[in-house]
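Working notes, beginning with the structure itself.
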Protein chains: 2
Amino acid sequence: MNIGDVAKRAGLPAKTIRYYEDIGLVKPKRDANGYRAFAEKDLHRLAFLARARALGFSIEECRKLISLYDDENRASADVKEVAEGHLTQIDAKIAQLQEMRATLAELVRCCHGDDRPDCPILADLDGSGVQAAS
Amino acid sequence: MNIGDVAKRAGLPAKTIRYYEDIGLVKPKRDANGYRAFAEKDLHRLAFLARARALGFSIEECRKLISLYDDENRASADVKEVAEGHLTQIDAKIAQLQEMRATLAELVRCCHGDDRPDCPILADLDGSGVQAAS
DNA sequence: CTTGACCTTCCAGCTACGGGAACCCCTAAG
DNA sequence: CTTAGGGGTTCCCGTAGCTGGAAGGTCAAG
């Protein structure tokens with residue numbers, strides 16, 4: 001398979017696949033003409049990566065997951081640990097966004113949004129957060 | 001005020017403040033010795049930026065907000081538009097994260113997490129998403 | 001005079017790619 | 001045979017928003 005075919009089937013841009021090779025996530029053979037020759041196994045790896053990335057795992061986490069995937073003697077506990085760590089990160093991110101969202105929604109709610117300059121959003125951004133000189 | 005003082009009072013690293021000057025968000029005067037000399041007005045600008053960034057506004061959005069902040073004849077509608085746009089983005093991000101979270105939590109729940117290699121997380125990542133050759 | 005804490009500029013690197021140039025390869029059609 | 005097109009290849013730059021570090025100037029205290 002050439003890179004275009006795997007790109008379609010794994011659902012990843014060709015550029016991304018080349019990048020993954022660069023950073024050692026996948027190691028396709030080469031044809032005589034220099035083209036990458038992907039085996040079915042490589043395709044599976046890439047699909048694995050695509051899905052892991054879609055779940056928000058970082059490249060480094062993917063690297064860890066792939067190495068566990070490759071390891072016949074892995075402990076599922078190790079996989080679970082990576083996933084739980086990521087889950088914790090996601091929860092933190094969600095919490096942070098929800099806090100932003102709450103503040104922002106309140107500010108938006110208070111702004112009349114007409115042609116007058118008076119604006120509680122700017123007032124909030126301006127007023128807060130300046131520490132007095134000590 | 002030197003950069004260290006404003007850094008403390010605005011709650012931003014000195015590096016960040018220099019960067020903001022680089023990209024034209026703030027324009028402090030200079031002392032004879034080349035040190036940046038921040039006025040109270042600059043401090044307010046930086047605190048404004050710090051707060052806007054904390055609410056997740058991008059630098060470009062901050063630029064827009066600052067220009068409205070500077071404009072005595074602004075319409076609050078313009079501010080509200082920026083804020084609402086950002087709110088929409090945040091909501092999209094939250095939705096995406098929650099979807100990841102749901103999938104991931106289910107996978108974690110299904111994984112026994114012991115020393116055996118059998119793992120539904122890896123099975124899920126592996127199994128899905130490979131398009132058949134057409 | 002020296003020490004240490006400031007300040008300055010500049011350059012490199014981070015994440016996870018995307019865009020584009022310059023070039024090679026292969027097939028089909030005229 | 002040539003040409004056109006649609007693959008592929010490498011390489012380098014750019015993104016966002018900083019952060020770290022090097023090499024050096026400045027200033028106040030001891």
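Chain A is the first sequence line, chain B the second, and so forth, proteins listed ahead of strands; every chain is numbered from 1.
You won't find any donor-acceptor pair under 3.5 Å spanning the side chain of B:K15 and the base of D:dG17, going by distance alone.
Between B:Y35 and D:dG25, a side-chain N or O to OP1/OP2 separation shorter than 4.0 Å is absent. Between A:T16 and C:dA16 there is no side-chain polar atom (N or O) within less than 4.0 angstrom of OP1 or OP2. Between D:dT10 and A:R36, a contact under 4.0 Å exists linking OP1 or OP2 to a side-chain N or O. When the side-chain nitrogen and oxygen atoms of B:R53 are compared with OP1 and OP2 of D:dG17, one or more of them lie within a distance under 4.0 Å. Between A:N33 and C:dC26 there is a side-chain polar atom (N or O) within less than 4.0 angstrom of OP1 or OP2.
B:N2 places its CG atom 19 Å from the P atom of D:dG25, with the value rounded to the nearest Å. Put simply, CD1 on B:I17 is 15 Å from C1' on D:dG17, counting in whole angstrom units. Across the protein-nucleic acid pair, B:K8 atom NZ and C:dC7 atom P stand 8 Å apart, rounded to whole Å. The separation between B:E21 atom CD and D:dC18 atom P is 15 Å, rounded to whole Å. Going from atom CD of A:E60 over to atom C1' of C:dT15 covers 10 Å, rounded to whole Å. At whole-Å resolution of the value, OH in B:Y19 and P in C:dC11 are 17 Å apart. Between the P atom of D:dC18 and the CG atom of B:L46 lies a distance of 12 Å, rounded to the nearest Å. Distance, A:I3 CD1 to C:dC25 C1': 15 Å, rounded to whole Å.
Between B:M100 and A:F57, the closest side-chain pair of non-hydrogen atoms is not below 4.5 Å.
None of A:D115, A:D114, A:D118 except one satisfies the side-chain hydrogen bond (donor to acceptor under 3.5 Å, both in side chains) rule with B:S76; the exception is A:D114.
Among the heavy atoms of the strands, none lies under 4.0 Å from A:I23. Among the atoms of the strands shown, base atoms are found under 4.0 Å from some heavy atom of A:R18.
A salt bridge links B:E21 with B:R36: the closest approach of a Lys/Arg side-chain nitrogen to an acidic carboxylate oxygen falls below 4.0 angstrom.
The number of heavy-atom neighbours closer than 6.0 Å to CD of A:Q98, taken from other residues, nucleotides and ligands shown, is above 12.
Summary of helix geometry: the two end axes of the helix from C:dC1-D:dG30 to C:dG30-D:dC1, each defined by five base pairs via their C1' atoms, are inclined to each other by 30° (rounded to 10°).
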